[in-house]
Amino acid sequence: STFSSNESLYAKLSSGSVSYDVVVPSDYMIERLIAEDLLAPLNYDNIPDIGNILPEFWGETSEHSAHDPGNVYSVPYLYGMIGIIYNTTMVDADDPSLGSWKLMWDEKHAGNILQFNNSRDAFGITQYMLGYDVNTTDPDELQHCADKLAEQKPVLQQYVMDQIFATMQNEEAWIAAYYAGDYLVMAEENPDLKFFLPEHQGFNLFIDAMCIPSCAQEKEAAEIFINFLCDPEISAANMEWVCYSTPISEARQYLDPEVANSEVSYPAAEKLIKASSYSFLNPETTRLVEALFMNVRNSQ
């Protein structure tokens, strides 16, 4: 099963209407699932290949595992970044907004800009743009973010998730904020598409990780399957298919050299200095963000 957003996965899993053995949510959603007792702790005796994970993504020295302290519930599967995709035949190379989130608000591209149709990513963009902590719980700051999204709405064509593929590939829109791995899929169909990270303002680096829901019926088999996905050759094959970045230390040697050396998939360390991750927001803040985003999206 695939889901257009973490929120859709959460709604399905928390409803109790499904029984999955392995799920692959993103970092901040893992934090929420842990808080609501929807994940089972892992038995690492069945996952010996965890040693293949790069230390920045797993273990005591990890820089990117605040969502699961001690790595009790999750094993990194892939990582990626959020940036801006644009069509080089429609956006001038000397456009002053290139390299910045401001491009998403540029009036001269009105009617050809796509925004995320999920509150976490849409608010994240405005938080980076306005200089706020991407995990702020301050109601005034969140209202300012909503005001900024309302200011953007007149230049938008639509809010999208999976619809972005056809829209950008067919040149029905020119500019969109989206995930780096999905950009690579789109660029295979339309080489006029390019991608950048607004590295001076900041951007999201996310980890999607393998977890076992508390409703799982085959926990040991699920752990063995997670171990299989930690094999370097298996990880490389999967990442070439999904076009995201592997956290497995030895996997890159099995990738196509063009993929392994891609600045989109594996940007230089200095470009990642301003990257940050989403944290799970408390229920009150989550409800506020959802309500503010709905108000913006549904306003005339």
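Just the heavy atoms: all of them, side chains too, but no hydrogens, waters or symmetry mates, feed the values below.
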For the [atom1] atom on [X], are there more than 12 heavy atoms of other groups (residues, nucleotides or ligands in this structure) within a distance under 6.0 Å?
X      : atom1 : answer
Glu263 : CD    : no
Glu171 : CD    : yes
Lys219 : NZ    : yes
Met90  : CE    : yes
Lys153 : NZ    : yes
Phe225 : CZ    : no

Checking [Y] against [X]: is there a side-chain donor and acceptor pair closer than 3.5 Å?
X      : Y      : answer
Asp147 : Gln143 : yes
Asn238 : Tyr244 : no
Ser5   : Asn118 : no
His109 : Tyr86  : no
Gln115 : Gln152 : yes
Tyr254 : Ser235 : no
Asn135 : Tyr28  : no
Asp192 : Thr89  : no
Ser26  : Tyr278 : no

Indicate if Val185 and Tyr179 have the same hydrophobic cluster label, given that clusters are the connected sets of ILVMFWY residues with side-chain heavy-atom separations under 4.5 angstrom.
->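 Yes, because Val185 and Tyr179 connect within a single hydrophobic cluster, where side-chain heavy atoms sit under 4.5 Å apart.
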
Okay, side chain of [X], backbone of [Y]: is any donor-acceptor separation there less than 3.5 Å?
X      : Y      : answer
Lys274 : Glu199 : no
Thr167 : Glu172 : no
Ser299 : Val296 : yes

Closest heavy-atom contact between Gly111 and Gln157?
->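 Reported closest heavy-atom pair: O-NE2, 3.1 Å.
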
Closest approach of Ile53 and Cys230, non-hydrogen atoms and distance?
->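 Closest pair (atom of Ile53, atom of Cys230, distance): CD1-SG, 4.4 Å.
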
For Asp21, enumerate each residue passing the side chain to side chain contact (heavy atoms under 4.5 Å, CB included) test, keeping only those at least two apart in sequence or located in another chain.
->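 If we apply the side chain to side chain contact (heavy atoms under 4.5 Å, CB included) test to Asp21, skipping adjacent residues, the hits are Ala216, Gln217, Glu218, Ala222.
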
Heavy-atom side-chain contact between [X] and [Y] under 4.5 Å:
X      : Y      : answer
Glu36  : Leu33  : no
Asp27  : Glu31  : no
Tyr178 : Leu114 : no
Leu149 : Phe123 : yes

Distance-only criterion, 3.5 Å: show the donor-acceptor pairs between side-chain atoms of residues 284-291 and protein atoms not counting sequence neighbours.
unit_1: Thr285; atom_1: OG1; unit_2: Asn282; atom_2: OD1; d: 3.0
unit_1: Thr285; atom_1: OG1; unit_2: Asn282; atom_2: ND2; d: 3.2
unit_1: Thr286; atom_1: OG1; unit_2: Leu281; atom_2: O; d: 3.0
unit_1: Thr286; atom_1: OG1; unit_2: Asn282; atom_2: O; d: 3.1
unit_1: Glu290; atom_1: OE2; unit_2: Ser119; atom_2: OG; d: 3.0

How about Tyr183 and Phe196: are their ring centres within less than 6.0 Å of each other?
->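 Between Phe196 and Tyr183, which both carry aromatic rings, the centre distance is not below 6.0 Å.
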
